[in-house]
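Just so you know, these numbers come straight off a predicted model, no measurement behind them.
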Amino acid sequence: MTRFTAVPAPQDTKWGVPQTTDQVLPGIWHVTTPDHGGYVLSDERQAAMPEALRRDDIYYEEDVDWALVLLGFATEFRRLPTAGIALQVENARRSVRAWHPARYGAFTGEEVPATENNTLRRRAAYQAVIGQYASVSASGDWADWVPAGMVGVVFRRVQSVDALGFARYSGDPIYGLVAKDRYAERNDVETFDSLGATRVESTAPITKEVHLA
């Protein structure tokens with residue numbers, strides 16, 4: 001088994017100056033900062049990370065990428081005397097499967113079907129509407145610019161979708177009105193056309209006599 005070298009605590013990170021540091025395994029520091037946190041790997045640890053799980057940098061943030069570290073060094077983590085560590089490692093495996101299905105498949109050899117994975121489903125849904133205007137936020141008829149019985153929806157053009165299934169947008173938003181009943185039945189990813197929206201030129205207040213197509 002490879003023996004890794006303990007290294008000094010990081011003095012700075014991509015998230016800012018650490019408030020707390022804990023070397024959980026030689027070369028693996030868990031840090032927190034006022035804004036964020038996660039694992040910081042030594043160069044030796046980074047080189048030893050399985051290729052399928054390795055990020056381009058040494059920072060594995062606490063929301064999602066922490067799980068890559070626990071899965072990559074699962075055997076060592078399981079040997080720690082920390083209470084509940086086996087469950088943490090199992091949760092990491094599930095998290096990687098859910099949020100990084102391609103990495104999980106490459107690492108384990110187990111393909112994750114799109115129908116079983118929210119990330120893959122969302123990514124496929126956004127990929128299908130690249131170039132179209134997808135809904136990004138909405139206001140009820142309490143808003144000055146939304147007539148009674150309608151929902152005011154903000155749409156943006158989908159430029160691309162990342163590995164976690166989050167859309168990247170481009171250009172200025174457009175605004176539309178959607179019948180409240182139709183909006184209540186919306187799917188996770190909807191577009192101006194799929195919602196049957198009626199274009200509104202801006203979010204300036206509009207009269208209640210707006211006629212909908």
Side-chain angles (χ1 to χ4, degrees), residues 1-2 4 10 13-15 24-25 27-33 35-80 84-137 155-171 186-191 194:
M1 179 177 175
T2 303
F4 294 93
T13 74
K14 67 185 296 183
W15 312 299
V24 294
L25 287 169
I28 301 179
W29 284 89
H30 182 267
V31 306
T32 63
T33 76
D35 295 325
H36 208 49
Y39 288 109
V40 180
L41 273 55
S42 67
D43 291 341
E44 183 183 37
R45 279 287 184 179
Q46 176 73 346
M49 269 289 281
E51 184 177 359
L53 306 178
R54 187 188 308 131
R55 282 180 44 83
D56 290 338
D57 60 36
I58 62 173
Y59 301 104
Y60 294 75
E61 54 82 30
E62 63 191 5
D63 290 338
V64 175
D65 290 346
W66 66 273
L68 299 171
V69 177
L70 265 72
L71 184 59
F73 299 106
T75 299
E76 288 181 79
F77 273 100
R78 287 194 185 98
R79 291 182 178 139
L80 291 174
I85 189 62
L87 179 59
Q88 291 180 43
V89 173
E90 176 58 21
N91 286 341
R93 184 191 68 80
R94 294 173 180 173
S95 181
V96 175
R97 190 178 193 277
W99 290 102
H100 290 294
R103 289 182 181 273
Y104 180 87
F107 179 66
T108 65
E110 302 172 18
E111 182 179 357
V112 183
T115 55
E116 296 180 10
N117 186 272
N118 289 333
T119 299
L120 292 177
R121 285 199 298 271
R122 187 173 62 244
R123 188 166 65 192
Y126 275 118
Q127 285 174 334
V129 299
I130 287 175
Q132 300 181 47
Y133 283 88
S135 62
V136 295
S137 65
F155 299 88
R156 295 196 65 193
R157 187 187 297 276
V158 179
Q159 180 179 20
S160 61
V161 56
D162 67 19
L164 297 182
F166 294 109
R168 296 187 179 95
Y169 303 98
S170 63
R186 68 191 181 280
N187 295 312
D188 290 340
V189 177
E190 293 278 9
T191 67
S194 69

Partner of Pro10 by side chain to side chain contact (heavy atoms under 4.5 Å, CB included), out of Val31, Ile58, Leu41: Val31
Do the side chain of Arg157 and the main chain of Gln132 share a donor and acceptor less than 3.5 angstrom apart? no
If you measure from the Lys or Arg side-chain nitrogens to the Asp or Glu carboxylate oxygens, is any gap between Arg45 and Glu76 under 4.0 Å? yes
Show, in sequence, the C-alpha distance, side-chain angles and deciding distance for Tyr60 and Arg54, and conclude whether the side chain to side chain contact (heavy atoms under 4.5 Å, CB included) test is met. CA-CA 9 Å; Tyr60 294 75; Arg54 187 188 308 131; 3.9 Å; yes
His100 vs Asp65, test: side chain to side chain contact (heavy atoms under 4.5 Å, CB included). Steps then yes/no. CA-CA 9 Å; His100 290 294; Asp65 290 346; 2.8 Å; yes
Keeping the roles fixed (side chain from Arg55, backbone from Tyr59), state whether a donor-acceptor pair exists under 3.5 Å. yes
Under 3.5 Å, side chain of Thr108 to main-chain N/O of Tyr104, donor-acceptor pair present? yes
Looking at Asp57, is its backbone amide N or carbonyl O close enough to the side chain of Gln46 to form a donor-acceptor pair, meaning the two atoms are under 3.5 Å apart? yes
With a 4.0 Å cut-off on N to O distance, would you call Glu90 and Arg93 a salt bridge? yes
Do Tyr169 and Val158 come close enough that some side-chain heavy atom pair is under 4.5 Å? yes
Identify the two heavy atoms, one from Ala92 and one from Ala67, that lie closest to each other, and give their separation to 0.1 Å. O-CB, 3.5 Å
Output yes when a side-chain donor or acceptor of Arg103 lies under 3.5 Å from a complementary backbone atom of Ala52, and no otherwise. yes
How about Asp63 and Trp99: do any of their side-chain heavy atoms sit closer than 4.5 Å? no
Pairwise side-chain contact, Tyr39 with Leu68, heavy-atom cut-off 4.5 Å (strictly under): no
Under 30°, 30 to 60°, or over 60°: which ring-plane class applies to Phe73 and Phe4, parallel, tilted or perpendicular? perpendicular
Side chain to side chain contact (heavy atoms under 4.5 Å, CB included) between Val96 and Leu70, worked out: CA-CA 10 Å; Val96 175; Leu70 265 72; over 6 Å; no
Please find the pair of heavy atoms, one from Ile85 and one from Arg78, that lie closest to each other, and give the distance. CG2-O, 4.0 Å
Find the distance between CZ (Phe155) and OG (Ser137) and round it off to the nearest 0.5 Å. 9.5 Å
Just how far is it from atom CG of Leu71 to atom CZ of Arg94, taken to the nearest 0.5 Å? 13.0 Å
Return yes when atom CD of Glu110 has more than 12 non-hydrogen atoms of other residues, nucleotides or ligands closer than 6.0 Å, and no otherwise. yes
For Gly165 and Tyr126, work out which heavy atoms get closest and say how close. O-CD1, 3.5 Å
Evaluate the side chain to side chain contact (heavy atoms under 4.5 Å, CB included) criterion for residues Asp35 and Trp15: first the C-alpha distance (whole Å), next the side-chain angles of each, then the deciding distance (0.1 Å), finally the verdict. CA-CA 7 Å; Asp35 295 325; Trp15 312 299; 5.6 Å; no
Gap separating the CZ atom of Arg156 from the OG atom of Ser170, nearest 0.5 angstrom: 7.0 Å
Report, as yes or no, whether the 6.0 Å neighbourhood of atom CD on Glu44 holds more than 12 heavy atoms from other residues, nucleotides or ligands. yes
Please tell me if the side chains of Thr191 and Tyr133 come closer than 4.5 Å, counting only heavy atoms from C-beta onward. no
Reported CD-to-NE2 distance for the pair Glu62 and His30, which is rounded to 0.5 angstrom: 6.0 Å
